[in-house]
Amino acid sequence: MKQFFDFLGGMVFVEIKGSSPERFFNICRSRKIPLYEIGTLVTQKGTVYTAKLRRKDFFRIRTVARKSHCIPLIRKRVGLPFFIKKYRNRIAFFAGGVYCLWMMWLLSRFVWDISVTGGFVHTEEELLSYLRENQIVCGMRRDTVDCTEIERKLRIDYPDIGWVSAELRGTKLFLRVAETDMPMVQEKDGTPVHLVATADGIVEQLICRRGTPLVKEGDVVRKGDILVSGVISVIGDNETLVNRYPVTAEADIILKTVKKYSHRFSRKKEEHSFTGNCKKGYTFSYGNKKIFSHIPSHSYTNYAIITEDAVLSLHEHFPLPFRIQKTAVSEYIPVIRDYTKEEAEAVAKQALERYLVYLKENDTTVLSVESETIVGTDSVVTEGKLVLLTAAWEQVPVQEDEWRQQNSDEYSGNDNGSSGGA
């Protein structure tokens, strides 16, 4: 802290020459003029004393120097007052620096970039469009961003998104989602439903929270079988059925199923042989507005458009609303050739691996994989079967005749549930 205040006030380094330097130091002490880092310096002309003192005290030692017949020579000046004096003719430079700091502070109070990751079914463009519809856009103030509310709305409007995280770092909003192929549970609006199997399999897990389970773990079920009924029976004395009433069945159900896998693609492959002819254009943007846009004109028959986008950023989490986009249009000649057998098998393997990753991301456990790839003359076919642990069930509405009982009246002869009147 002392060094900071010394810098603000300014410090002076001096050499003290004269016949009575000791008297100089004694007078300074008696007048309470602080000297720091007193030392000696051996030169060709003899030994001189050095010291450091504050800028305001330098003017007080003039009378002391005359009295002690010494000469204080300034060798170095350090501190803010000397810095300002040295650059007093560069006011515009310092004003620009202050303005730049102010602009950085102002820009840091807004969101200038939104990153969306994790989507497979729902693309980045779709989710960004959804955010725009809900007034979550680049250029909005940071203090108006409610990450909890964004997460809540996404879970409500996209039931197939099992997990979502919205996080604000610096001037960038990070949105991460994880989709799931778990059955979409209906809203609790009182609609009674059964839980029905959507595939043949073996019940590996069944935890019933509401409804009547009709199967147990280890049972073999067929597609369309009711796993948990949405009808609850009330049994009285002597195992007599008293009443039935419908509910919305709820349960955690995992089935062990066998799924067929099939993937086909053409063995023909088109490659691009670029000719070297290329035209470029640039687009400069500020926020959501394009300052200058230029798409290069061309007369190419076959061409590829490659776009590179760069955002001006001070830090990974501090992007600014300035970006430049380079568009390159390159001419190419299409060349058709066949995949080699090794290349075709590699492409088929990559497709299978992507599908397995997709299943894993959607809470499906793959127990085993059996597949075979046949490389034909015109096409490549991969077929096989996967043994999975998955939530293979769906909700089916309960029909009224499944639970409503027709009570006959032995006195009136009516069997429509109404009693006969006198």
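All residue numbers in this chain count up from 1 along the given sequence.
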Novice: For the pair Q325 and Y282, evaluate side chain to side chain contact (heavy atoms under 4.5 Å, CB included) and give the outcome as yes or no after the intermediate values.
Specialist: CA-CA 6 Å; Q325 187 179 75; Y282 296 89; over 6 Å; no

Novice: Would you say that more than 12 heavy atoms from the other residues, nucleotides or ligands in this model lie under 6.0 Å from the CZ of R209, or not?
Specialist: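 Yes, CZ of R209 has more than 12 neighbouring heavy atoms, counting only those of other groups under 6.0 Å.
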
Novice: Give, for atom OG1 of T390 and atom CD of E204, the distance between the pair rounded to the nearest 0.5 Å.
Specialist: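 Taking OG1 in T390 and CD in E204, the distance rounds to 12.0 Å.
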
Novice: Closer than 3.5 angstrom, by distance alone: can the side chain of K279 be matched with the main-chain N or O of S297 as a donor-acceptor pair?
Specialist: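 At least one qualifying donor-acceptor pair exists.
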
Novice: Could you check if a side-chain atom of R132 sits within less than 4.5 angstrom of a side-chain atom of I136, using non-hydrogen atoms only?
Specialist: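 SC-SC contact between R132 and I136 ruled out.
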
Novice: Nearest 0.5 Å, please: how far is CG in L312 from OG in S285?
Specialist: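 It is 12.5 Å, given to the nearest 0.5 Å.
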
Novice: Using side chain to side chain contact (heavy atoms under 4.5 Å, CB included), reason through V311 and L320 one step at a time and then give a plain yes or no.
Specialist: CA-CA 7 Å; V311 180; L320 298 177; 5.9 Å; no

Novice: Do L131 and I114 come close enough that some side-chain heavy atom pair is under 4.5 Å?
Specialist: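 L131 reaches I114 side chain to side chain.
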
Novice: Report yes or no: does R267 contribute a side-chain atom to a donor-acceptor pair with the main-chain N or O of G376 at less than 3.5 Å?
Specialist: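 Yes, the answer is positive, given that a donor and an acceptor are paired below the 3.5 Å cut-off.
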
Novice: Is there a side-chain contact between L386 and L359 (heavy atoms, below 4.5 Å)?
Specialist: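 Sidechains of L359 and L386: in contact.
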
Novice: Check Y261 against A351 and note the closest heavy-atom contact, atom names and distance.
Specialist: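 Result for this residue pair: OH-C, 3.9 Å.
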
Novice: Answer yes or no: is there a donor N or O on one side and an acceptor on the other, between the side chain of H194 and the main chain of I226, under 3.5 Å?
Specialist: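 Here the side-chain-to-backbone pair does not exist.
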
Novice: Kindly compute the distance separating CH2 (W163) from CG (L154), expressed to the nearest 0.5 Å.
Specialist: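 Taking CH2 in W163 and CG in L154, the distance rounds to 12.0 Å.
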
Novice: Between D57 and L53 (side chain of the first, backbone of the second, donor and acceptor by atom type, cut-off under 3.5 Å), is there such a pair?
Specialist: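 Checked: no pair found.
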
Novice: Rounded to the nearest 0.5 Å, how far apart are CD of E308 and OG1 of T327?
Specialist: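 These two atoms lie 9.5 Å from each other.
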
Novice: Please name the pair of heavy atoms, one in A199 and one in T257, separated by the smallest distance, quoted to 0.1 Å.
Specialist: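 Result for this residue pair: CB-CG2, 4.3 Å.
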
Novice: State whether D338 and K268 are salt-bridged, where the test is any N-O pair (Lys NZ or Arg NE/NH1/NH2 against Asp/Glu carboxylate O) under 4.0 Å.
Specialist: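 Salt bridge between D338 and K268, a charged N being under 4.0 Å from a carboxylate O: yes.
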
Novice: Does a sphere of radius 6.0 Å around CD1 in I71 hold more than 12 heavy atoms from other residues, nucleotides or ligands, not counting ones at 6.0 Å or beyond?
Specialist: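 Open: at most 12 neighbouring heavy atoms sit under 6.0 Å from CD1 of I71.
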
Novice: Of the non-hydrogen atoms in P81 and G9, which two are nearest, and what is the gap between them?
Specialist: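 Reported closest heavy-atom pair: CG-O, 3.5 Å.
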
Novice: Kindly give the heavy-atom pair with the smallest separation between G170 and R142, and that separation in Å.
Specialist: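 Shortest heavy-atom separation between G170 and R142 comes out as O-NE, 2.5 Å.
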
Novice: Do Y49 and F24 have their ring centres less than 6.0 Å from each other?
Specialist: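 Ring centres of F24 and Y49 not closer than 6.0 Å.
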
Novice: Tell me whether R222 is salt-bridged to D200, with the criterion being a basic N under 4.0 Å from an acidic carboxylate O.
Specialist: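 Yes, charged N to carboxylate O under 4.0 Å.
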
Novice: Give the C-alpha distance, both sets of side-chain angles, the deciding distance and a yes or no for side chain to side chain contact (heavy atoms under 4.5 Å, CB included) between R155 and V164.
Specialist: CA-CA 7 Å; R155 285 194 295 266; V164 58; 3.7 Å; yes

Novice: For R62, give me all partners under side-chain hydrogen bond (donor to acceptor under 3.5 Å, both in side chains), at least two apart in sequence or on another chain.
Specialist: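 Once residues adjacent in sequence are excluded, R62 has no partner under the side-chain hydrogen bond (donor to acceptor under 3.5 Å, both in side chains) criterion.
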
Novice: So do the side chains of I207 and Q205 get within less than 4.5 Å of each other, counting heavy atoms only?
Specialist: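 When only atoms from C-beta onward are counted, Q205 and I207 do touch, with a gap below 4.5 Å.
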
Novice: I'd like to know if the side chain of E343 reaches the main chain of T340, judged simply by a donor and an acceptor atom lying under 3.5 Å from each other, with no hydrogens or angles considered.
Specialist: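 Pair found, side chain donor or acceptor close to backbone of T340.
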
Novice: Measure across S108 and T171 and return the closest heavy-atom pair with its distance rounded to 0.1 Å.
Specialist: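 Closest pair (atom of S108, atom of T171, distance): CA-CG2, 3.7 Å.
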
Novice: Ignoring hydrogens and geometry beyond distance, is a side-chain donor-acceptor pair present between T50 and E15 at under 3.5 Å?
Specialist: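 There is no such pair between these side chains.
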
Novice: Should Y130 and Y158 be marked as a ring-ring contact (aromatic ring centres under 6.0 Å, His included) after you check the CA-CA gap, both sets of side-chain angles, and the distance that decides it?
Specialist: CA-CA 11 Å; Y130 171 82; Y158 292 91; 5.3 Å; yes

Novice: Locate the shortest heavy-atom distance separating W112 from P321; write the atom from each residue and the value.
Specialist: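 Of all heavy-atom pairs spanning W112 and P321, the closest is CE3-CB, 3.1 Å.
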
Novice: Regarding Y300 and N277, do their side chains bring together a donor and an acceptor under 3.5 Å, going by distance alone?
Specialist: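 Side-chain D/A pair, Y300 to N277: absent.
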
Novice: Given 3.5 Å as the limit, does a donor-acceptor pair link the side chain of S30 with the main chain of I27, or not?
Specialist: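 Answer holds: yes.
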
Novice: In the structure I gave you, are the side-chain heavy atoms of M104 and Y99 within less than 4.5 Å of one another anywhere?
Specialist: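 Answer no - side chains too far apart.
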
Novice: Calculate, to the nearest 0.5 Å, the distance between atoms CG and CG belonging to L214 and D219 respectively.
Specialist: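 Those atoms lie 10.5 Å apart.
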
Novice: Looking at D225 and V221, would you say the former's side chain and the latter's main chain have a donor-acceptor pair under 3.5 Å?
Specialist: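 Judged by distance alone, no pair lies under 3.5 Å.
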
Novice: With sequence neighbours excluded, what pairs up with F13 under the ring pair (Phe, Tyr, Trp, His ring centres under 6.0 Å) test?
Specialist: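 With sequence neighbours excluded, F13 shows a ring pair (Phe, Tyr, Trp, His ring centres under 6.0 Å) to no residue whatsoever.
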
Novice: Answer whether the closest heavy-atom distance between the side chains of V193 and V396 falls below 4.5 Å.
Specialist: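 Heavy-atom side-chain distance check fails, nothing below 4.5 Å.
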
Novice: Quick one: pull up CG in L168 and CG in D143 and give me the separation to the nearest 0.5 Å.
Specialist: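 The CG atom of L168 sits 10.0 Å away from the CG atom of D143.
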
Novice: Could you tell me if the side chain of E331 sits less than 4.5 Å from the side chain of H298, heavy atoms only?
Specialist: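 No, too far: nothing below the 4.5 Å cut-off.
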
Novice: One pair to check against side chain to side chain contact (heavy atoms under 4.5 Å, CB included): K172 and V111. What are the steps and the verdict?
Specialist: CA-CA 6 Å; K172 190 170 185 178; V111 176; over 6 Å; no

Novice: Using the test side-chain contact (heavy atoms from CB on, under 4.5 Å), find all partners of Y245 that sit at least two apart in sequence or belong to another chain.
Specialist: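 Residues passing side-chain contact (heavy atoms from CB on, under 4.5 Å) with Y245: I232, V234, V247.
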
Novice: Using a 4.5 Å cut-off on heavy atoms from C-beta on, say whether the side chain of C208 contacts that of P213.
Specialist: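 With C-beta onward as the side chain, the pair touches.
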
Novice: Using the ring of each side chain (for Trp, its six-membered ring), is Y332 parallel, tilted or perpendicular to H272, with breaks at 30° and 60°?
Specialist: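 Judged by the thresholds at 30° and 60°, the geometry between Y332 and H272 is parallel.
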
Novice: Is Y303 atom OH crowded by more than 12 heavy atoms from other residues, nucleotides or ligands, each under 6.0 Å away?
Specialist: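 Incorrect, the count does not exceed 12.
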
Novice: Is the shortest distance from a Lys or Arg side-chain nitrogen in R169 or E167 to a carboxylate oxygen in the other one below 4.0 Å?
Specialist: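 Yes, charged N to carboxylate O under 4.0 Å.
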
Novice: Output yes when a side-chain donor or acceptor of R60 lies under 3.5 Å from a complementary backbone atom of R31, and no otherwise.
Specialist: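 Yes.
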
Novice: Identify all side-chain donor-acceptor contacts of residues 32-39 below 3.5 Å with residues at least two apart in sequence or on another chain.
Specialist:
unit_1, atom_1, unit_2, atom_2, d
Y36, OH, R54, NH1, 3.1
Y36, OH, R54, NH2, 3.1
E37, OE2, K52, NZ, 3.1

Novice: Within a radius of less than 6.0 Å around CZ of R264, do more than 12 heavy atoms belonging to other residues, nucleotides or ligands occur?
Specialist: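 For R264, atom CZ is not crowded (no more than 12 foreign heavy atoms under 6.0 Å).
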
Novice: Can you give the donor-acceptor pairs under 3.5 Å from side chains of residues 365-374 to other protein atoms, not counting sequence neighbours?
Specialist:
unit_1, atom_1, unit_2, atom_2, d
T373, OG1, T382, OG1, 3.1

Novice: In chain order, what residues pass the side-chain hydrogen bond (donor to acceptor under 3.5 Å, both in side chains) check against R354, with sequence neighbours excluded?
Specialist: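 Here no residue qualifies.
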
Novice: Just by modelled atom types, is the V12 backbone N or O under 3.5 Å from a matching donor or acceptor in the R75 side chain?
Specialist: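 Answer holds: no.
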
Novice: Under the 3.5 angstrom rule, does the side chain of T248 hit a backbone N or O of T191 as a donor-acceptor pair?
Specialist: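 Yes, the answer is positive, given that a donor and an acceptor are paired below the 3.5 Å cut-off.
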
